[in-house]
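Working notes, structure below.
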There are 2 protein chains.
Amino acid sequence: MLPPLEKMEPIIHHFHKYLPLTEAEHELILSRIKHRQIKRRQMILQEGLVCHHYTFIVKGCFKMYGVDDRGIEHNIQFAAEDDWIADIGSFHSKKPSGFFIEAVEPSEIIQIEQQDLYFLYINIPKLDRIFKVIVENKYVELQNRVLQNISSTAQQRYVNFLEQYPTLASRLPNVQIASYLGITPEFLSKIRKDLSGK
Amino acid sequence: MLPPLEKMEPIIHHFHKYLPLTEAEHELILSRIKHRQIKRRQMILQEGLVCHHYTFIVKGCFKMYGVDDRGIEHNIQFAAEDDWIADIGSFHSKKPSGFFIEAVEPSEIIQIEQQDLYFLYINIPKLDRIFKVIVENKYVELQNRVLQNISSTAQQRYVNFLEQYPTLASRLPNVQIASYLGITPEFLSKIRKDLSGK
DNA sequence: CCCGTTTCTTAAACTATATTAAGGCCATTT
DNA sequence: AAATGGCCTTAATATAGTTTAAGAAACGGG
């Protein structure tokens, strides 16, 4: 028995943006994915556990973060609609993750388990290509973030974040944005004050 | 006429670490790659130009950097033997790159042009898989770097760099390492002094 | 609708890092 | 031998960002 089609439609549509898939391929994919509702603050990955899923976000928003030795959270990435989130390192190595992935809004996701994704890679070689392109795009994004981190002030990074992710910026509390930028919430508050007085 | 086999061997060996390839696939790959000698300080990519190649490093070392509005260079990555370097964003979008890639040592490289790589992707689907895994690994590395940047002091980042890339650390001038860490050479000098006095 | 939390802000004191300037060392060129 | 340029260091001063503390505003859960 296949899951209700309409709930799975977004991920199929997502794949089609990269490469067309046949009906048979749709069916195969649908037979290997699961739809879930996630509550705000619910975690779909915890430090110390292996990351078993690639998670596609149909609706809602997640943060992925590490916790340092003083207990402070550091946001490595956000992901919202039509995006993926996973600890890719842990997922492939099957080693415990050092990260948490947590819903910052009530969310609706589609998950693929590791064995299922590997099965799909073997039976639909196109998916290798699709995920290659997905990861390449994410790599470029990260690379720009690194450049910003090593070359810009916190103010420039914040302005850039607002421009690059206007939707995220309005959905997320500033505390979370500060953590993503690598500054304290107090300092972000000061930056916002300085900017507004321009 | 195929290029001399012995010079191309390293890249074939590199691919084999990910997936076995047939003789026919070797030949096809060999027919589409070029071997080059590069002098110290020679650039294989300049800002404003499209990145036309994926570059595999047989011997030597490169830096990829951006230049800010004050003319200061910021090293985004280093790459040495058995590693790849390219501006992936520019390579796929065919838009002008914002980066430079420059040899920091006399080097020996193997390059694949964009059309040739696309040709190979089509004719050897395994290469989609191989490059997917390569980029995934690089993504994980970058992600850890971002975490370090937003959560650690310059001193911790430097110590971590020494541990993670001991070979690079001894081959590169400190000015270049400082630029990679996002600090001034003067401050790196201070960090080194503090560390040595422990 | 109220209570407890989370979120945002302000400000003073403090720490990490940048800037500027200068000098020394080493390898390479003239 | 002198000159050049790259590299590394030191130190004084300046700026960017943190810490601590506290209060006000907004929000979510019963």
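Side chains included, hydrogens not; waters and symmetry mates left out as well; all remaining heavy atoms used. Just so you know, these numbers come straight off a predicted model, no measurement behind them. A, B, ... follow the sequence lines: proteins, then strands. Residue 1 opens every chain.
Rounded to whole Å, atom P of C:dT6 lies 11 Å from atom NZ of A:Lys63. Atom NZ of A:Lys39 is separated from atom P of D:dG28 by 16 Å (rounded to the nearest Å). In this structure, A:Leu181 places its CG atom 10 Å from P of D:dT18, rounding to the nearest Å. Rounded to an integer number of Å, the gap from A:Glu102 CD to C:dT6 P is 12 Å. For B:Gln176 and D:dG6, the CD to P distance is 12 Å, given to the nearest whole Å. B:Glu73 places its CD atom 13 Å from the C1' atom of D:dG6, with the value rounded to the nearest Å.
No donor-acceptor pair under 3.5 Å is formed between the side chain of A:Arg41 and the backbone N or O of A:Pro106.
For the OP1/OP2 pair of C:dT9 and a distance below 4.0 Å, the side-chain nitrogens and oxygens of A:Arg192 include at least one atom meeting the criterion. Residue A:Asn174 places at least one side-chain N or O closer than 4.0 Å to OP1 or OP2 of C:dC8.
No cation-pi contact links A:Arg129 to A:Tyr18, judged by a cut-off of 6.0 Å to the six-membered ring centre and 45° from its axis.
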Which atom pairs, one a donor and one an acceptor, fall under 3.5 Å between side chains of residues 158-167 of chain A and the rest of the protein, sequence neighbours left out?
| from | atom 1 | to | atom 2 | distance (Å) |
| --- | --- | --- | --- | --- |
| A:Tyr158 | OH | A:Arg192 | NH1 | 3.0 |
| A:Tyr165 | OH | A:Glu141 | OE2 | 2.5 |

Verdict with reasoning, B:Glu102 to B:Ile44, per side chain to side chain contact (heavy atoms under 4.5 Å, CB included):
CA-CA 6 Å; B:Glu102 182 182 327; B:Ile44 58 172; over 6 Å; no
So if I define the base as every atom that isn't primed, P, OP1 or OP2, how would nucleotides 15-30 of chain C read as a B/S/- string at a heavy-atom cutoff under 4.0 Å?
--BSBBB---------
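For A:Thr22, the side-chain hydrogen bond (donor to acceptor under 3.5 Å, both in side chains) partners two or more places apart in sequence, or in a different chain, are A:Glu25.
Distance from the side chain of B:Lys193 is smallest for D:dT10 among the nucleotides D:dG6, C:dA11, D:dT10.
Counting only heavy atoms from C-beta outward, the side chains of B:Asp83 and B:Phe56 never approach each other to under 4.5 Å.
Along DNA chain D, the nucleotide closest to B:Ser189 and the one closest to B:Arg41 are compared, and the more 5′ of them pairs with B:Arg41.
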